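Remarks on the structure that follows.
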Amino acid sequence: MCYSGEETQREPGRENLQGFLLDVYERLYAHYGPRHWWPAESAFEVIVGAILTQQVSWRNVEKAIANLKARDSLSVEGILALPHAELGLLIRPTRYYNQKTQRLKDVCLVIREDFGGDTGLFLQQEPGALRRRLLAVRGIGKETADSILLYAAGRPVFVIDHYTHRILKRLGLAHGGESYDQLQHLFEAHLPLNAALFNEYHALLVTHGHRLCLKTGPRCPECPLSDLCAHASQAGVQPDGRQPAGTSVP
DNA sequence: GTCCAGATGT
DNA sequence: ACATCAGGAC
């Protein structure tokens with residue numbers, strides 16, 4: 001991430017883009033209200049949830065977290081103490097449980113070996129160092145690492161996911177070929193670097209992608225962004241949320 | 001591109 | 001029966 005401020009001077013269109021992004025934020029917030037993310041009782045629970053939620057609905061993650069809590073195993077030592085097969089059984093609702101079992105143990109190993117098992121110390125690292133350490137764990141990619149940076153460590157890092165990319169495409173701010181870093185730059189370069197703002201914004205985007213801006217059959221008539229959106233305004237979406245044949249906009 | 005490999009809504 | 005889900009590795 002580039003926090004060095006080289007482009008706080010002048011970037012063509014910066015003022016307009018910032019205004020647009022803030023407008024989208026305000027509309028989503030007005031429509032959905034505060035999201036209270038991340039739903040967890042501790043920073044360590046955020047780390048576990050960030051790994052378990054990969055490509056899986058949050059519903060299933062809640063079951064797995066509840067299983068871990070019920071056995072008093074939601075801790076660095078608790079997870080490391082469980083045999084692989086037993087931990088896999090507890091988190092089975094989150095799918096890919098063999099891979100995720102190893103991912104949980106690998107993060108816990110880093111926290112124990114390099115930070116004396118102190119999750120707070122682990123998260124207090126300089127953000128760049130923490131991100132590199134997370135990305136060095138097999139099974140932690142950019143989105144998972146940034147979710148931990150933002151929601152567990154409170155760092156102003158914008159998290160990009162599939163919902164975000166889809167919504168940006170429909171708003172005409174992306175075409176589909178952008179990298180994670182490009183999309184992240186779009187937000188971080190054009191918004192104040194504020195962890196509370198990034199927290200709420202990403203949460204709102206996920207809620208919007210989940211409830212209204214669906215992959216197929218988006219519910220445009222109910223959408224607070226429809227007048228800004230290429231999908232609703234150009235394709236002539238009908239009141240039932242579907243489109244006339246042949247006018248599909250990705 | 002393929003693999004990983006459960007729960008839920010339609 | 002079928003699609004989708006708070007991804008990542010290869």
Side-chain angles (χ1 to χ4, degrees), chain A residues 28 32 34-68 84-107 110 131-155 157-170 176-184 187 195 198-219 240-243 248 250:
Chain A
L28 292 175
Y32 297 109
R35 300 290 82 208
H36 306 296
W37 270 31
W38 189 288
E41 293 178 1
S42 69
F44 183 72
E45 186 176 330
V46 174
I47 296 173
V48 172
I51 291 171
L52 294 183
T53 198
Q54 293 169 354
Q55 193 60 27
V56 166
S57 60
W58 184 251
R59 274 286 193 50
N60 294 18
V61 179
E62 289 180 310
K63 298 173 188 286
I65 298 276
N67 289 342
L68 290 169
H84 182 103
E86 200 170 328
L87 179 54
L89 210 57
L90 295 178
I91 67 167
R92 193 162 72 156
T94 63
R95 212 178 176 206
Y96 317 129
Y97 47 86
N98 280 319
Q99 293 181 343
K100 288 177 179 177
T101 292
Q102 196 58 50
R103 292 169 190 186
L104 290 180
K105 283 181 171 291
D106 286 347
V107 185
V110 172
R131 192 172 196 263
R132 284 191 298 275
R133 228 177 246 276
L134 286 166
L135 290 174
V137 176
R138 252 168 48 99
I140 295 187
K142 290 174 180 175
E143 183 185 338
T144 304
D146 288 340
S147 294
I148 292 170
L149 277 164
L150 178 59
Y151 291 105
R155 305 297 187 178
V157 173
F158 208 97
V159 180
I160 303 298
D161 64 353
H162 285 125
Y163 289 136
T164 306
H165 202 168
R166 180 164 79 226
I167 294 168
L168 286 182
K169 274 194 290 184
R170 289 178 175 168
E178 290 86 358
S179 67
Y180 183 97
D181 294 331
Q182 285 177 295
L183 296 175
Q184 184 173 53
F187 287 98
F198 289 1
N199 178 325
E200 194 66 50
Y201 207 150
H202 178 251
L204 287 166
L205 288 171
V206 171
T207 298
H208 187 55
H210 182 64
R211 296 192 191 173
L212 296 183
C213 198
L214 308 181
K215 186 173 186 178
T216 60
R219 305 170 65 175
D240 62 356
R242 310 200 320 182
Q243 309 162 41
S248 174

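Naming: A, B, ... by sequence-line order, numbering from 1 per chain. In this text, all values refer to a predicted model and were calculated from it rather than measured experimentally.
The two residues Ile140(A) and Ala145(A) have their closest heavy-atom pair at CG2-N, 3.8 Å. Taking each heavy atom of Val48(A) and Ile65(A) in turn, the nearest pair found is CG1-CD1, 4.0 Å. Shortest non-hydrogen contact noted between Val46(A) and Ala40(A) is CG2-CB, 3.7 Å. For the pair Glu200(A) and Arg35(A), the tightest heavy-atom approach, listed with the atom from each and the gap, is OE2-N, 2.7 Å.
Residue Gln99(A) is the one, among Arg138(A) and Gln99(A), whose nearest nucleotide of DNA chain C lies closer to the 5' end (criterion: closest heavy atom).
Straight-line distance from the CG atom of Asp106(A) to the P atom of dG8(C): 15 Å, rounded to whole Å. Regarding Arg166(A), its CZ atom lies at a distance of 12 Å from the C1' atom of dA3(C), rounded to whole Å. The interatomic distance linking Gln102(A) (CD) with dC10(C) (P) rounds to 13 Å, in whole Å. Taking atom CG on Asp146(A) and atom C1' on dG7(C), their separation rounds to 13 Å, with Å as the unit. Rounding to whole angstrom units, OH of residue Tyr96(A) and P of dC10(C) are separated by 16 Å. Atoms CD (Gln54(A)) and P (dG8(C)) sit 5 Å apart, rounded to a whole Å. Between Leu52(A) atom CG and dC5(C) atom P there is a gap of 19 Å when expressed in whole angstrom units. Whole-Å rounding puts the Gln55(A) CD to dA9(C) C1' distance at 13 Å.
A 4.5 Å side-chain heavy-atom check between Leu52(A) and Arg103(A) finds every atom pair outside the cut-off. For the pair Leu134(A) and Asp146(A), the minimum side-chain heavy-atom distance is 4.5 Å or more.
Atom name P, nucleotides dA3(C) and dT2(B): the rounded distance is 15 Å, in whole Å. Taking atom P on both nucleotides, dG1(B) is separated from dT4(C) by 15 Å, rounded to a whole Å. Separating the P atom of dA7(B) from that of dG8(C) is a span of 22 Å, rounded to the nearest Å.
The footprint of chain A on DNA chain B, defined by a heavy-atom cutoff below 4.0 Å, extends from dC4(B) to dT8(B).
Contacts of Glu143(A) with the nucleic acid, taken as non-hydrogen atoms under 4.0 Å apart, involve only primed sugar atoms and P, OP1 or OP2. As judged by a 4.0 angstrom heavy-atom cut-off over every strand, Lys100(A) is placed among residues making no nucleic acid contact. Residue contacts shown for Ile51(A) are absent, as no nucleic acid heavy atom lies under 4.0 Å away. Counting any heavy atom pair closer than 4.0 Å across all strands shown, Thr216(A) reaches sugar-phosphate atoms only and no base atom.
Residues Thr164(A) and Asp161(A) have side chains that bring a donor and an acceptor to within less than 3.5 angstrom of each other.
Screening Phe158(A), Tyr151(A), Phe187(A) against Phe198(A) for a ring pair (Phe, Tyr, Trp, His ring centres under 6.0 Å) leaves a single residue, Phe158(A).
In this structure, His165(A) places its NE2 atom where more than 12 heavy-atom neighbours from other residues, nucleotides or ligands lie under 6.0 Å away. The environment of NE2 in His210(A) is sparse: at most 12 heavy-atom neighbours from other residues, nucleotides or ligands sit within 6.0 Å.
The stretch residues 205-212 of chain A touches DNA chain C through Val206(A), His210(A), each having a heavy atom under 4.0 angstrom from the strand.
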